[in-house]
Enquirer: 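Starting off with a structure, shown below.
Numbering of residues begins at 1 and proceeds along the displayed sequence. Since we're looking at a predicted model, the values are computed, not measured. Counting starts at 1 for both ligands and their atoms, in listed order.
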Amino acid sequence: MGRSKVEYATDQITVYNYCPHGCIYCFWRIPLMRSRLQRIVPRPLEEAERYARMRKPRRIVVSFTTDPYPPEERRKGLTRRVLEILARAPQHTILILTKNPKLALRDIDIMHIHGNMWLGTTVTTLRNAHVLEPKAPPPQSRLGALREAHEEGIRTWLSIEPIIPPFTELAEIIERSHDYVDFYVLGALNYARQLGFPEPSVEEYFRVLKPALALLWRYRKEFMVKRELCRLLKKDLTELARR
Ligand code: SF4
C-alpha cells in the first residue's frame with residue numbers, strides 16, 4: 001500500500017510514473033531521487049481496489065509523486081478509473097492533487113458521487129510560472145478550475161509549495177483564491193542546493209509568511225504549515241504571528 005510521506009494524508013496512490021510539467025524545483029531533477037522513483041511500478045487500480053475494501057477511514061492523496069492528469073489521461077482515463085473505484089469508499093477522504101485541474105473537472109461527476117473528494121492544485125507563483133513550471137498549465141487556469149469546482153459544490157485545496165522567496169507571491173495567491181479555496185498547505189523549498197537554488201533564509205521566509213498567515217487567519221481558512229517549514233523557522237505559529 002502507498003503509505004504517504006506527506007503530512008496532510010495517510011496514504012497516496014501514484015497513477016503515472018512520469019510527469020510532463022518540467023518544474024525546475026521538482027525532486028525528480030535530483031538523480032538519486034529520480035532513480036528511486038523510476039524503480040516504482042505504480043499499480044493504481046489494484047491499490048484503489050484495496051483501499052475501497054478498507055473500512056478504516058484513510059486520507060488518500062492522488063497523486064503525490066507525479067501528476068495524475070498528464071495529457072494522456074484524456075485518452076487513457078486511468079485516473080478516472082482510480083477515482084471510480086474510490087467512489088465506492090466514502091469512508092475515505094480523497095485529496096486530488098494536480099497542476100492540470102481543468103482536466104480533472106472532467107471527473108467532477110465522480111467527486112459528487114463520493115462526496116468527500118477534494119480537488120487541489122499547486123501554485124508556487126502567479127507571475128514566474130514560465131520559469132519555474134515551464135510545461136504546466138498556467139497558474140491562472142489552475143485557480144480558475146478550482147473556482148469552477150467550488151461553484152459546483154466540490155471542496156478545494158491549494159498547495160503553495162515550495163515557497164521560493166522571492167518568486168512566490170504568497171499573500172497575493174491567498175488574497176486571490178480565498179473565496180473558493182477551503183484548505184491551504186504551505187511548504188518550504190526542500191533540496192534547494194541539490195536543485196541549484198540559493199537556500200532561502202529564515203528572514204526571507206518570515207517576510208512572505210507573515211502577511212500570508214495574517215490573511216489566512218482573517219479569512220478563517222483551514223491551513224497547514226508543513227513540518228519542515230516550521231522546523232526551519234524554529235517558531236510556533238502563535239509566536240510567528242506576534243512578530
Ligand atoms: S508537477 Fe510535481 S511531479 Fe510534476 S514536474 Fe512539477 S513538481 Fe515534479
Enquirer: Under 4.5 Å between any side-chain heavy atoms of Ile94 and Val61, yes or no?
Expert: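 No, side chains not in contact.
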Enquirer: What I'd like to find out is whether the side chain of Arg36 reaches to under 4.5 Å of the side chain of Arg39, using heavy atoms alone.
Expert: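 Result yes, sub-4.5 Å side-chain heavy-atom pair found.
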Enquirer: Taking both backbone and side chain into account, is any N, O or S atom of Cys26 nearer than 2.8 Å to atom 4 (Fe) of ligand 1?
Expert: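 False for Cys26.
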Enquirer: If you have a sec, work out which protein heavy atom is nearest atom 2 (Fe) of ligand 1 and how many Å separate them, to one decimal?
Expert: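 It is Lys99 NZ, 4.1 Å.
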Enquirer: What atoms in ligand 1 come closer than 4.0 Å to a heavy atom of Gly22?
Expert: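 Answer, ordered by atom number: 5 (S).
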Enquirer: Only one of Lys99, Glu133, Glu161 passes side chain to side chain donor-acceptor pair (under 3.5 Å) with Thr124; say which it is.
Expert: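 So the option named by the test is Glu133.
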Enquirer: With heavy-atom distances below 4.0 Å as the criterion, list the atoms of ligand 1 near Cys19.
Expert: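 Selected atoms, number and element: 1 (S), 3 (S), 4 (Fe), 5 (S).
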Enquirer: Between Cys23 and atom 6 (Fe) of ligand 1, is there a contact where an N/O/S atom of the residue lies under 2.8 Å from the metal?
Expert: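 Here the distance criterion (N, O or S atom, under 2.8 Å) is met by Cys23, so yes.
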Enquirer: Parallel, tilted or perpendicular, judged at 30° and 60°: which one describes the rings of Phe64 and Phe27?
Expert: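 If you compare the ring of Phe64 with that of Phe27, the planes turn out tilted.
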Enquirer: With heavy atoms under 4.0 Å as the rule, classify the contact between Thr65 and ligand 1 as side chain, backbone, both or neither.
Expert: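 Contact part for Thr65 vs ligand 1: backbone (N, CA, C, O).
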Enquirer: With salt bridge (Lys or Arg N to Asp or Glu O under 4.0 Å) as the criterion, how do Glu222 and Arg155 come out once you've worked through the C-alpha distance, each side chain's angles and the decisive distance to 0.1 Å?
Expert: CA-CA 12 Å; Glu222 198 185 330; Arg155 275 173 284 187; over 6 Å; no
